[in-house]
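Here the structure comes first, spelled out in structure tokens, and everything after it is commentary.
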Protein chains: 2
Amino acid sequence: MPQDLTPGQLLARGACRCLVEHGFACVTELVPKPGLRVDVMALGRKGEIWVVECKSGRADFTSDHKWRGYLDYADRFFWAVDADFPAEILPADTGLIRADRFGGEIARMAPELRLAPARRKAVTQGFARTAALRLQGRTDPGLPLAPGPAGVTFSP
Amino acid sequence: MPQDLTPGQLLARGACRCLVEHGFACVTELVPKPGLRVDVMALGRKGEIWVVECKSGRADFTSDHKWRGYLDYADRFFWAVDADFPAEILPADTGLIRADRFGGEIARMAPELRLAPARRKAVTQGFARTAALRLQGRTDPGLPLAPGPAGVTFSP
């Protein structure tokens with residue numbers, strides 16, 4: 001077990017496993033614009049972009065005043081919460097993934113609000129560059145320009 | 001030193017370091033369509049796509065009858081060869097990176113043949129999904145669907 005992961009990161013791991021089962025590829029802790037970091041961004045086989053925010057408890061959700069900003073970077077937006085989380089406090093027009101550290105399932109599909117083409121292109125490129133630079137950093141520790149964990153910032 | 005890398009993979013490592021210095025993010029051994037595997041694909045900050053084929057010697061180049069197929073998946077195409085490689089046998093209308101296991105430099109810029117938008121979109125998505133799935137496989141060995149080293153095939 002990875003003992004060093006936070007409750008939110010463990011939820012993210014389970015949510016990512018769930019998304020892979022649905023044909024998505026995931027990147028965690030992605031920064032689509034300065035000051036905005038999404039827990040999970042997922043890219044589907046047809047280029048669809050989903051964002052998942054992981055909430056370890058009620059306080060974690062009620063203290064989040066940024067989440068509506070994530071809607072601008074996804075075709076569908078989901079929360080990932082554990083079995084004990086009071087789902088009734090989450091907005092009805094968002095998706096829901098019930099997860100734990102081992103996996104998860106989509107409990108409620110999110111409505112689709114398709115990104116504009118220019119935004120989709122920028123987000124896909126940022127996703128691609130972040131994933132590739134992180135992978136490079138892992139396969140070649142001697143890389144001259146070591147990308148930080150926050151990866152690449154991309155906008156618009 | 002990674003003793004288990006082939007001469008071509010060591011050239012790829014050096015070429016990738018060079019490309020990172022030029023602002024690109026790289027994925028190695030990418031399969032853009034069945035039967036076609038590129039040694040290095042690189043994605044720039046403006047979405048530009050470069051492909052690099054690594055040749056460890058003259059025979060490695062003369063036996064490659066597929067390389068013109070790579071031109072359909074890149075804005076610019078380069079060879080990566082070591083200092084001893086006879087560069088005069090390479091086509092003049094291709095780029096050249098002189099590399100070794102530690103790094104490299106662009107010795108001749110490749111001409112630009114820009115991809116059509118639909119192809120660029122498909123290639124960028126495939127690059128993104130391949131990088132993300134490989135990264136996921138490394139960060140979460142317990143992933144239910146372990147992506148193989150060949151990654152994702154994407155076309156057109």
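The chains referred to below are lettered A, B, ... by the order of the sequence lines, with proteins before strands, and numbering in each begins at 1. Quantities reported herein were computed from a predicted structural model and do not represent experimental measurements.
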task: Could you tell me the separation between the OG1 atom of B:Thr124 and the CZ atom of A:Arg120, rounded to the nearest 0.5 Å?
output: 13.0 Å
- line: In this structure, CG of A:Asp140 is separated from CZ of B:Arg17 (nearest 0.5 Å) by 4.0 Å
- request: Please check if B:Trp79 and B:Ile106 belong to a single hydrophobic cluster, counting links between Ile, Leu, Val, Met, Phe, Trp and Tyr side chain heavy atoms closer than 4.5 Å.
  value: no
same_hphob_cluster(A:Val40, A:Trp50) at 4.5 Å side-chain heavy-atom cutoff: yes
message: For the backbone of B:Leu135 and the side chain of A:Arg134, can you confirm whether one donor and one acceptor N or O come within less than 3.5 Å of each other?
response: no
Rounded distance [0.5 Å steps], CZ in B:Phe127 versus CZ in A:Arg129: 8.5 Å
B:Thr139 and A:Arg138, any side-chain heavy atoms less than 4.5 Å apart: yes
- line: Most contact-rich option vs chain A, by heavy-atom pairs under 4.5 angstrom, among B:Gly103, B:Gly44, B:Ala42, is B:Gly44
query: Are A:Leu71 and A:Met41 co-members of a hydrophobic cluster defined by side-chain heavy atoms under 4.5 Å apart?
result: yes
query: Any chain of hydrophobic side-chain contacts (each under 4.5 Å) joining B:Leu143 to A:Leu19?
result: no
ILVMFWY network linking B:Leu30 to B:Val123, side-chain heavy atoms under 4.5 angstrom: yes
statement: When every non-hydrogen atom of A:Gln125 is compared with those of B:Lys46, the smallest separation belongs to OE1-C, 3.9 Å
- line: Per-residue tally against chain B (heavy atom, under 4.5 Å) across A:Cys26, A:Ala131, A:Ala132, A:Cys16 peaks at A:Cys26
